[in-house]
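Take a look at the structure below.
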Amino acid sequence: MSAAADHGYPVLWLLRHGETEWSRSGQYTGLTDLELTEAGLRQAVEAGARLAGIGFDTVLTSPLKRARRTAELAGFPDAEVLPYAHEWDYGEYEGVSSAALRRKDPDYLIWTHGVVGGETLAQVAARADRVIARVLDGSAGPAPSSAPPAVQTETTEPVGSVPATPGQRKVLLVAHGHFLRILTARWLQLDPVEGRRFVLGTAGICTLGWDKRTPAVIGWNV
């Protein structure tokens, strides 16, 4: 059976932005509007080559320049900017690395401890739910749930050969590491904290779709 059944639900591709100075050093980068490094510029172009030929119906991007520049270099200069698709607002932890925080508190994890003076995990998840609702708009897909059941995921096919039925919409979102990981958890109808299980590198590409009518991961971090 194809991973995408004939229900017409959309398939959502995710593209994390290319490398920045802070993503390379491991510093939390929320609303700080950094440029891509030279390596990040190359990564964006290479990601575009991997996405070539898919034929997206809609391309969306975070408003932050590292995402918009990645979208442009990947071949999507007219991507629609979603103001609420920005990265987690890390508040007082902006520019700080998790390693530095763990030197003060060895048990620290952003997923469980959160940040000071920024967004809560629930607030980021609410923005992710808005993106999902936008992607599902006009389809028969299920609405995001505030109390999601546990659903198993599956990683199967590479970018460029994702099964899609005739008329099934294809959407690309260019955004950020933590935000896309939380969005993935919500797509799978999981609690947002489960985004911690989806490691995503710079310029990594993922595909979210369906196993028949169950939200599923089709490809991850390719």
Side-chain angles (χ1 to χ4, degrees), residues 3 11-30 34 36-37 39-40 42-44 46-47 50-51 61-62 64 66-67 70 74 85-90 93-103 105-115 118-122 124-125 127-129 131-132 148 150-160 162 172-209 211 215-222:
V11 175
L12 174 60
W13 277 258
L14 309 176
L15 171 58
R16 186 185 174 191
H17 64 77
E19 181 193 80
T20 67
E21 292 290 348
W22 283 10
S23 70
R24 181 169 60 193
S25 63
Q27 295 166 265
Y28 287 137
T29 318
L34 298 182
L36 300 179
T37 62
R42 292 193 298 272
Q43 288 176 336
E46 291 165 359
R50 298 199 301 277
L51 293 167
T61 183
S62 156
L64 295 169
R66 57 192 184 273
T70 296
H86 60 79
E87 180 60 294
W88 196 331
D89 178 354
Y90 299 116
Y93 294 169
E94 183 78 3
V96 180
S97 69
S98 59
L101 292 168
R102 279 193 292 275
R103 283 195 290 271
D105 178 1
D107 294 326
Y108 176 79
L109 286 175
I110 192 170
W111 301 100
T112 52
H113 290 63
V115 300
E119 287 182 295
T120 65
L121 177 59
V124 184
R127 292 194 288 105
D129 283 352
V131 175
I132 293 171
V151 177
Q152 291 185 342
T153 67
E154 180 182 11
T155 300
T156 56
E157 303 188 23
V159 169
V162 175
L172 172 66
L173 171 64
V174 185
H176 311 271
H178 273 140
F179 184 73
L180 292 176
R181 293 168 68 181
I182 293 165
L183 184 148
T184 297
R186 299 302 297 146
W187 180 275
L188 298 173
Q189 300 177 339
L190 301 173
D191 289 328
V193 70
E194 300 307 330
R196 61 187 171 174
R197 303 185 187 276
F198 301 100
V199 177
L200 180 56
T202 51
I205 298 171
C206 310
T207 314
L208 305 181
D211 178 7
V217 174
I218 297 173
W220 188 260
N221 206 29
V222 300

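Throughout, residue positions are numbered sequentially from 1 according to the sequence presented. Excluded from the calculations below are hydrogen atoms, water molecules and symmetry mates; all remaining heavy atoms, backbone and side chain alike, are included.
Side chain of N221 to main chain of G201: a donor-acceptor pair is present (N/O by atom type, distance under 3.5 Å, no hydrogens or angles). Proximity of a side-chain donor or acceptor of E87 to a complementary backbone N or O of H178 within less than 3.5 Å is detected. Put simply, the side chain of E119 gets close to the backbone of D89: a donor and an acceptor are under 3.5 Å apart. A donor-acceptor pair is defined here as one N or O able to donate and one able to accept, closer than 3.5 Å; such a pair exists between the side chain of T70 and the backbone of G18. Of the possible polar contacts, none joining the W22 side chain to the G30 backbone as a donor-acceptor pair under 3.5 Å is found. A donor-acceptor pair under 3.5 Å links the side-chain atoms of Y108 to the main chain of G114, judged by distance alone. Checking side-chain atoms of W220 against main-chain N and O of V199 turns up a donor-acceptor pair under 3.5 Å. A donor-acceptor contact shorter than 3.5 Å links the side chain of R127 to the backbone of H86.
Two residues are said to be in side-chain contact when any heavy atoms from C-beta on lie closer than 4.5 Å; Y28 and S98 meet this criterion. Residues R196 and T112 have side chains in contact (heavy-atom distance under 4.5 Å, counting atoms from C-beta outward). Counting heavy atoms from C-beta outward, W13 and V11 have side chains that approach closer than 4.5 Å. Side-chain contact check for W187 versus D129: every heavy-atom pair is 4.5 Å or farther apart. Contact annotation: the side chain of Y90 approaches that of I110 to within less than 4.5 Å [non-hydrogen atoms, C-beta and beyond]. Residues H176 and L64 have side chains in contact (heavy-atom distance under 4.5 Å, counting atoms from C-beta outward). The closest side-chain heavy-atom distance from T29 to E21 is not below 4.5 Å.
Minimum heavy-atom separation, P215 to L188: O-CD2, 3.6 Å. Taking all atoms of both residues into account, the shortest heavy-atom contact from H113 to D107 is CE1-O, 3.0 Å. Scanning both residues, R102 and L109, for their nearest heavy atoms gives NH1-CD2, 4.3 Å. Between V222 and R50, the shortest heavy-atom distance links the atoms O-NH2, 3.3 Å. Shortest non-hydrogen contact noted between S23 and R16 is CB-NH2, 4.0 Å. When every heavy atom of L208 is checked against every heavy atom of I218, the shortest pair comes out as C-CD1, 4.4 Å.
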*asked:* I'd like to know whether W88 forms a side chain to side chain contact (heavy atoms under 4.5 Å, CB included) with F179, so could you lay out the CA-CA distance, the side-chain angles of the two residues, the decisive distance to 0.1 Å, and finally the verdict.
replied: CA-CA 6 Å; W88 196 331; F179 184 73; over 6 Å; no
*Quick one: do L190 and R197 satisfy side chain to side chain contact (heavy atoms under 4.5 Å, CB included)? Show the steps, please.*
CA-CA 11 Å; L190 301 173; R197 303 185 187 276; over 6 Å; no
*side chain to side chain contact (heavy atoms under 4.5 Å, CB included) between L173 and L15: does it pass, once the steps are laid out?*
CA-CA 6 Å; L173 171 64; L15 171 58; over 6 Å; no
*Report the C-alpha separation of L14 and L183 in whole Å, then their side-chain angles, then the decisive distance to 0.1 Å, and conclude whether the side chain to side chain contact (heavy atoms under 4.5 Å, CB included) test is met.*
CA-CA 10 Å; L14 309 176; L183 184 148; 4.1 Å; yes
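Atom CG of residue L200 and atom SG of residue C206 lie 4.5 Å apart, to the nearest 0.5 angstrom. Between the CG atom in D191 and the CD1 atom in I182 there is a gap of 12.0 Å [rounded to 0.5 Å]. With rounding to the nearest 0.5 angstrom, the CG atom of L51 is 4.0 Å from the CD1 atom of I205.
The only member of E19, H17, Q43 that meets side chain to side chain donor-acceptor pair (under 3.5 Å) when paired with T202 is Q43.
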